[in-house]
Amino acid sequence: MSITRDQTSEPPALSVEDVSDALTRHDYLADEGLATTIYLALALHRPLLLEGEAGGGKTEVAKVLSAWTGGELLRLQCYEGIDVSQAVYEWDYARQLLHLRAAEGAGGPAAEGQVYSERFLVRRPLLTAIDGRAGPPPVLLIDEVDRADDEFEAFLLEFLSEYAVTVPELGTFRAAVPPVVVITSNRTRDVHDALKRRCLYHWVEHPDFEREVAIIGLRAPQAVPRLARQVAAAVEQLREMHLYKPPGVAESIDWTAAIAALGKHDIDERTVELTLGTVLKYREDQQRVLGAGIGELVHAARQRGS
């Protein structure tokens, strides 16, 4: 038996410019390459695989798409050992047992078809994503797929190929219109080629200086523009120091907000030293920066940010 869920809402006719404008309206400043890939993913109903350093804004893409399209955001956080019961579906065994006892109390056995019916089915993100309801298709975020094991990645291949889930007791659920799927990876391990072939791929680069300044201005509006430029300049230098974990845009925003919260309008050596843990999350990286001397970092950042 095949169970098709009607999803009559289609994404509107778009252009790359429409996508870029919509993302900007929701405070996400995408470069042309990312905006183009998102447009193609929506137009072709293809999953979008985003790889890049942590803190680069990959997860935020799914959140913004949900806010823009009105589709429900379904987030599946991957981890080692994740299986079907956490990702796809499971049965509500407690309610099934109560149903069996109630049937026995009424003087007759419960039929298997009653126990294994949709009323006892617990839908996890993957099944919910294709179990369509009225309204726009949901946005399914499969976050940090590189943390899952090979078995789960293999299961995703079938799901992404047909947007279908088979429940042995009920049949196959298929989406009439595919959900919007965003898959992220921090590349702690290589994602298999078979999964990449089913997706549109984009590597999320660190933004250039001016775009990072604009992003900081949007996400940390409490900071004066001069401070945003100085922090962006300092982060740009940190990324060139071959650190174990170079700071991403998320760290730039956090660092700016932290310095602004201290009542500062400019960075200085003491403030940088005290707030370094906001932007660098490994002791070895902090020691390398401190050992290289903060004075030159601050001087260059203030010059560029002025």
Exercise. Any chance you could measure Leu195, atom CG, to Glu153, atom CD, to the nearest 0.5 Å?
Key: 5.0 Å
Quiz item: Any luck finding a side-chain donor-acceptor pair between Asp83 and Ser85 under 3.5 Å?
Solution: yes
Practice problem: Before giving the answer on side chain to side chain contact (heavy atoms under 4.5 Å, CB included), spell out for His206 and Glu212 the whole-Å C-alpha distance, their side-chain angles and the decisive distance to 0.1 Å. | Solution: CA-CA 8 Å; His206 292 305; Glu212 187 149 16; 5.6 Å; no
Quiz item: Under a single-linkage definition using a 4.5 Å side-chain heavy-atom cutoff for Ile, Leu, Val, Met, Phe, Trp and Tyr, are Leu200 and Leu14 assigned to the same hydrophobic cluster?
Solution: yes
Quiz item: About how many Å separate NZ of Lys264 and OG1 of Thr256, when rounded to the nearest 0.5 Å?
Solution: 15.0 Å
Self-check item: Close side-chain approach of Gln96 to Asp92, heavy-atom, < 4.5 Å
Solution: no
Quiz prompt | Heavy-atom closest contact (Thr59 atom, Thr184 atom, distance) | solution = N-CG2, 4.1 Å
Quiz item: With a 4.0 Å cut-off, would you call Glu53 and Arg239 a salt bridge?
Solution: no
Quiz item: Can you tell which of Leu23, Thr37, Leu34, Val204 makes a side chain to side chain contact (heavy atoms under 4.5 Å, CB included) with Val61?
Solution: Leu34
Quiz item: Under the side chain to side chain contact (heavy atoms under 4.5 Å, CB included) criterion, do Thr172 and Arg174 qualify, and how do the steps go?
Solution: CA-CA 6 Å; Thr172 300; Arg174 299 181 186 276; 3.9 Å; yes
Quiz item: Less than 4.0 Å between a side-chain N and a carboxylate O, is that true for Arg198 and Glu158?
Solution: no
Quiz prompt | Residue pair Leu274 / Leu262, side-chain heavy-atom distance below 4.5 Å | solution = no
Quiz item: Is a salt bridge present between Arg226 and Asp266, judged by a nitrogen-to-oxygen distance below 4.0 Å?
Solution: yes
Quiz item: Does the side chain of Asp208 come within less than 4.5 Å of Asp31's, by heavy atoms?
Solution: no
Exercise. Assess whether side chain to side chain contact (heavy atoms under 4.5 Å, CB included) is satisfied between Leu50 and Ile183, documenting all intermediate values.
Key: CA-CA 6 Å; Leu50 300 177; Ile183 306 172; over 6 Å; no
Self-check item: Test side chain to side chain contact (heavy atoms under 4.5 Å, CB included) applied to Leu170 and Glu118, step by step
Solution: CA-CA 8 Å; Leu170 296 177; Glu118 289 196 47; 3.8 Å; yes
Quiz item: Should Val122 and Val115 be regarded as members of a common hydrophobic cluster, given that ILVMFWY residues are connected when their side-chain heavy atoms come within less than 4.5 Å of each other, either directly or indirectly?
Solution: no
Quiz item: Where do Pro136 and Gly71 come nearest, in terms of heavy atoms and distance?
Solution: CG-N, 3.7 Å
Quiz item: Got a donor-acceptor contact below 3.5 angstrom from the Thr275 side chain to the Thr271 backbone?
Solution: yes
Quiz item: Where the side chain of Ser66 meets the backbone of Ala62, is there a donor-acceptor pair that is under 3.5 Å apart?
Solution: no
Quiz prompt | Short N-O contact, Arg187 and Glu144, less than 4.0 angstrom | solution = no
Quiz prompt | Side-chain donor-acceptor contact under 3.5 Å, Arg147 with Thr188 | solution = no
Self-check item: His299 atom NE2, over 12 foreign heavy atoms within 6.0 Å
Solution: no
Quiz item: If you measure from the Lys or Arg side-chain nitrogens to the Asp or Glu carboxylate oxygens, is any gap between Asp285 and Lys245 under 4.0 Å?
Solution: no
Practice problem: Could you tell me whether the side chain of Glu17 reaches within less than 4.5 Å of the side chain of Tyr39, counting heavy atoms only? | Solution: no
Practice problem: Pick out which of Arg75, Lys58, Lys63 makes a salt bridge (Lys or Arg N to Asp or Glu O under 4.0 Å) with Asp143. | Solution: Arg75
Quiz item: Under a single-linkage definition using a 4.5 Å side-chain heavy-atom cutoff for Ile, Leu, Val, Met, Phe, Trp and Tyr, are Leu127 and Phe159 assigned to the same hydrophobic cluster?
Solution: yes
Quiz item: So, does Ser20 use its side chain to make a donor-acceptor pair with the main chain of Val16 at under 3.5 Å?
Solution: no
Quiz item: For the side chain of Arg219 and the backbone of Val249, is there at least one donor-acceptor N/O pair under 3.5 Å apart?
Solution: no
Quiz item: Atom CZ in Phe209, atom CD in Glu236: separation rounded to 0.5 Å?
Solution: 6.5 Å
Quiz item: Can you name the nearest heavy-atom pair linking Ala54 to Asn186, along with the distance?
Solution: CA-OD1, 3.8 Å
Quiz prompt | Straight-line distance of Ile253 CD1 to Glu251 CD, nearest 0.5 Å | solution = 9.0 Å
Quiz item: Which pair of non-hydrogen atoms, one from Ile130 and one from Val165, has the smallest distance, and what is that distance?
Solution: CD1-N, 3.6 Å
Practice problem: Would you please say whether a donor-acceptor pair under 3.5 Å links the side chains of Asp18 and Ser15? | Solution: yes
Quiz item: Is the shortest heavy-atom distance from the side chain of Arg304 to the side chain of Gln237 under 4.5 Å?
Solution: no
Practice problem: Check for a donor-acceptor pair, side chain of Arg124 on one end and backbone N or O of Glu90 on the other, with a separation under 3.5 Å. | Solution: no
Quiz item: So do Glu210 and Arg229 actually touch side chain to side chain, heavy atoms under 4.5 Å?
Solution: yes
Quiz prompt | Lys/Arg-Asp/Glu bridge criterion (N-O < 4.0 Å) met for Glu205, Arg211 | solution = no
Quiz item: So how far is it from Arg95 CZ to Arg119 CZ, rounded to the nearest 0.5 Å?
Solution: 6.0 Å
Quiz item: Does any N or O in the side chain of Glu169 come within less than 3.5 Å of the main-chain N or O of Tyr116, such that one atom is a donor and the other an acceptor?
Solution: no
Practice problem: Kindly indicate whether the side chain of Trp91, heavy atoms from C-beta on, has any atom under 4.5 Å from the side chain of Leu121. | Solution: yes
Practice problem: Give, for atom CG of Leu98 and atom OH of Tyr93, the distance between the pair rounded to the nearest 0.5 Å. | Solution: 15.0 Å
Practice problem: Treat each ILVMFWY residue as a node, draw an edge where side-chain heavy atoms are under 4.5 Å apart, and state whether Leu227 and Val279 are in one component. | Solution: yes
Quiz item: In this structure, which one of Ile142, Val139, Leu48, Leu156 forms a side chain to side chain contact (heavy atoms under 4.5 Å, CB included) with Val181?
Solution: Ile142
Self-check item: Salt-bridge present (Arg270, Glu273; N to O < 4.0 Å)
Solution: yes
Exercise. Answer with yes or no whether the hydrophobic clustering places Leu218 together with Tyr28; edges join I, L, V, M, F, W, Y residues whose side-chain heavy atoms lie under 4.5 Å apart.
Key: no
Quiz item: Looking only at heavy atoms, what is the nearest atom pair of Gln222 and Ala260, with distance?
Solution: CG-CB, 4.0 Å
Practice problem: Taking all non-hydrogen atoms of both residues into account, name the closest pair between Leu238 and Leu280 and its distance. | Solution: CD1-CD2, 4.4 Å
Exercise. Can you establish whether the number of heavy atoms outside Tyr244 located under 6.0 Å from its atom OH is more than 12?
Key: no
Quiz item: Is the closest side-chain heavy-atom distance between Leu141 and Leu76 below 4.5 Å?
Solution: no
